[in-house]
Amino acid sequence: MELFSFYNVENLFLPDPKPVHKLDPTRSGLRNWDEKRYRNKLFKISHVFQLMKEENDVLPFLIGLSEVSGRKVLENLVEMEPFNSEYGIVHYNSMDERKVDVAMLYDKNKVEVIDSETITFFFEIVNKNTENYDTTRDVLFSKVRYKGEIINVFIAHLPSKREKDINKPKRTFILNEVRERIMKIVNADKEHVILCGDFNENPDDENLVQILYDNDREKVLMNPFQQLFSTRNYSTFHYKSGLLYDQIIMSRSLLDNKTLAFQDAHIFNSEKIRSRTRNFEGRPFRTYAGTRYLGGYSDHFPVFVKFKNLH
């Protein structure tokens with residue numbers, strides 16, 4: 001069995017330098033983000049994967065991450081149990097205004113990275129008083145080899161929903177671009193594709209339904225998280241609403257593949273990483289709630305899919 005996982009780790013920043021004045025804005029945007037809190041956060045994130053391994057007897061061979069700031073935090077993470085420096089890192093600094101990126105970790109004993117690049121998006125800004133372009137988080141593309149099979153992995157963290165969802169056109173634009181690339185890989189190159197990320201949309205949203213079909217309305221991708229969402233399984237919450245923004249979508253070629261055959265999809269919401277307070281029962285135990293430090297894991301649960309090895 002093999003696992004593929006995606007996790008929005010909620011603001012994994014290096015510790016902030018001490019501010020000169022008490023009210024100076026910090027690099028991370030977090031309050032009192034010091035070495036101790038940073039170390040606790042690293043321990044918590046690595047512990048999530050330790051728990052995942054205990055439950056499934058195996059660590060994910062590929063892991064997509066979002067909300068990581070810079071490469072150093074990833075280097076610190078993979079040195080820890082259960083990774084023990086056996087995992088490689090694919091990461092590029094994006095031009096995101098908050099300096100948060102997506103990244104991929106991979107088991108160096110199982111996976112070879114053949115190629116990787118970022119797909120960067122620029123959006124013209126309507127308000128002319130600012131810089132000419134609005135940048136957003138890059139989509140990370142990696143082409144990897146696993147047991148002789150080529151897998152094309154896209155990792156995204158799409159612009160978030162905020163006032164009146166002004167970012168929806170951006171999400172649509174990015175997903176259309178990614179979809180075009182995926183269709184070419186699936187139809188022309190006949191290679192496997194996995195698209196994962198925090199899409200800031202649920203599996204039944206129009207954008208995420210459309211991406212499954214090619215221009216001839218043939219269904220070429222599958223999203224097992226549609227079923228989980230329809231049965232009220234959530235990876236994150238906003239006020240009273242349960243959301244399943246974190247998803248792993250894949251080409252149908254992985255359904256009955258000899259090397260990796262899709263088995264099922266899960267939200268990893270182990271009791272240990274859930275909130276300790278009655279009001280937020282069943283929700284992720286977060287690091288911060290606003291400016292209040294809680295010392296938890298993340299405001300998202302990780303998601304993963306299981307593959308059978310038919311070889």
- Message: Students often mix this up, so state it plainly: with edges at 30° and 60°, are the rings of F61 and Y146 parallel, tilted or perpendicular?
- Response: tilted
- Message: Pair H192, S253 - check side chain to side chain donor-acceptor pair (under 3.5 Å), show working.
- Response: CA-CA 6 Å; H192 305 306; S253 59; 2.7 Å; yes
- Shortest non-hydrogen separation from L294 to A289 and the atoms involved: CD1-CB, 3.9 Å
- Item | Note, N215 side chain near R179 side chain (heavy atom, < 4.5 Å) | yes
- Item | Linked hydrophobic residues, L243 as query - side chain contacts closer than 4.5 Å | Y245
- Query: So among L77, V73, V68, T287, which one has a side chain to side chain contact (heavy atoms under 4.5 Å, CB included) with I45?
  - Reply: L77
- With the side chain counted from C-beta on, respond yes when V139 and F121 share a heavy-atom pair under 4.5 Å apart, and no when they do not. yes
- Query: Would you call L59 and D107 a side-chain contact if the rule is heavy atoms closer than 4.5 Å?
  - Reply: no
- Query: Is any NZ, NE, NH1 or NH2 atom of the basic residue among R39 and E35 found under 4.0 Å from an Asp or Glu carboxylate oxygen of the other?
  - Reply: yes
- Task: Would you check if V113 and Y106 make a side-chain contact, meaning some heavy-atom pair closer than 4.5 Å?
- Result: yes
- Query: So, does N202 use its side chain to make a donor-acceptor pair with the main chain of D205 at under 3.5 Å?
  - Reply: no
- Message: If we ignore hydrogens and angles and just use 3.5 Å, is the side chain of S275 paired with the main-chain N or O of P284 as donor and acceptor?
- Response: no
- Query: Are more than 12 heavy atoms from other residues, nucleotides or ligands located less than 6.0 Å from atom CZ of R276?
  - Reply: yes
- Item | Closest approach of R137 to V100 (non-hydrogen atoms, all atoms of both residues) | CG-O, 3.6 Å
- Message: Does any part of the side chain of S66, heavy atoms only, come nearer than 4.5 Å to the side chain of N8, both counted from C-beta?
- Response: yes
- Query: With a cut-off of 6.0 Å (strictly less than), are more than 12 heavy atoms of other residues, nucleotides or ligands near CZ of F280?
  - Reply: no
- Message: Pair K110, E2 - check side chain to side chain contact (heavy atoms under 4.5 Å, CB included), show working.
- Response: CA-CA 10 Å; K110 296 178 179 177; E2 293 286 9; 3.0 Å; yes
- Do we see a donor-acceptor contact under 3.5 Å between the side chains of N233 and T231? yes
- Query: Does the distance from a Lys or Arg side-chain N to an Asp or Glu carboxylate O, for E67 and R286, drop under 4.0 Å?
  - Reply: no
- Query: What are the two closest non-hydrogen atoms of Y234 and F301, and how far apart are they?
  - Reply: O-CD1, 3.8 Å
- Residue that, paired with Y297, satisfies side chain to side chain donor-acceptor pair (under 3.5 Å) out of H47, K44, E10, R274: H47
- Query: If you round to the nearest 0.5 Å, how far is CE of M250 from CZ of F4?
  - Reply: 8.5 Å
- Flag, side chain of Y293 to backbone of L30, donor-acceptor distance under 3.5 Å: no
- Task: Take F225 and I248, measure what side chain to side chain contact (heavy atoms under 4.5 Å, CB included) needs, and give me the verdict at the end.
- Result: CA-CA 7 Å; F225 288 82; I248 300 164; 3.7 Å; yes
- Polar contact flag, side-chain donor to acceptor under 3.5 angstrom, N200-S160: no
- Message: Using every non-hydrogen atom in the two residues, find where F6 and C196 come nearest and quote the distance to one decimal.
- Response: CD1-SG, 3.9 Å
- Task: Give a yes or no answer on whether the side chain of W33 reaches the backbone of S28 with a donor-acceptor pair at less than 3.5 Å.
- Result: no
- Message: Closer than 3.5 angstrom, by distance alone: can the side chain of K108 be matched with the main-chain N or O of S85 as a donor-acceptor pair?
- Response: yes
- Query: Roughly how far, to the nearest 0.5 Å, is the CZ atom of R232 from the CG atom of L244?
  - Reply: 14.0 Å
- Ignoring hydrogens and geometry, is there a side-chain-to-backbone donor-acceptor pair from N309 to M1 under 3.5 Å? yes
- Please confirm whether the backbone N or O of V153 pairs with a side-chain atom of S142, one donor and one acceptor, at under 3.5 Å? no
- Mind checking the CZ-CZ spacing from F304 to F49? Nearest 0.5 Å is all I need. 10.5 Å
- Message: In the structure I gave you, are the side-chain heavy atoms of F199 and Q247 within less than 4.5 Å of one another anywhere?
- Response: yes
- Task: Could you tell me whether a side-chain N or O of S270 sits under 3.5 Å from a main-chain N or O of K272, the two making a donor and an acceptor?
- Result: yes
- Task: Give, for atom CD1 of I174 and atom CG of D138, the distance between the pair rounded to the nearest 0.5 Å.
- Result: 9.5 Å
- Query: Step by step, would you call Y38 with L12 a side chain to side chain contact (heavy atoms under 4.5 Å, CB included)?
  - Reply: CA-CA 8 Å; Y38 170 63; L12 181 52; 4.1 Å; yes
- How long is the span from the CD atom in E206 to the CZ atom in R171, to the nearest 0.5 Å? 11.5 Å
- Does atom CD of E54 have more than 12 heavy-atom neighbours, drawn from other residues, nucleotides or ligands, at distances under 6.0 Å? yes
- In this structure, are over 12 heavy atoms from other groups packed under 6.0 Å from K219 atom NZ? yes
- Query: Do N40 and K36 touch side chain to side chain, with heavy atoms closer than 4.5 Å?
  - Reply: no
- Message: Donor-acceptor pair, distance only, cut-off 3.5 Å: does the side chain of N167 make one with the backbone of K170?
- Response: no
- Query: Would you call L14 and N76 a side-chain contact if the rule is heavy atoms closer than 4.5 Å?
  - Reply: yes
- Message: If hydrophobic clusters are built by linking Ile, Leu, Val, Met, Phe, Trp and Tyr wherever their side-chain heavy atoms come under 4.5 Å apart, do Y213 and F173 end up in the same one?
- Response: yes
- Message: Rounded to the nearest 0.5 Å, what separates atom CG in N257 from atom NZ in K308?
- Response: 12.0 Å
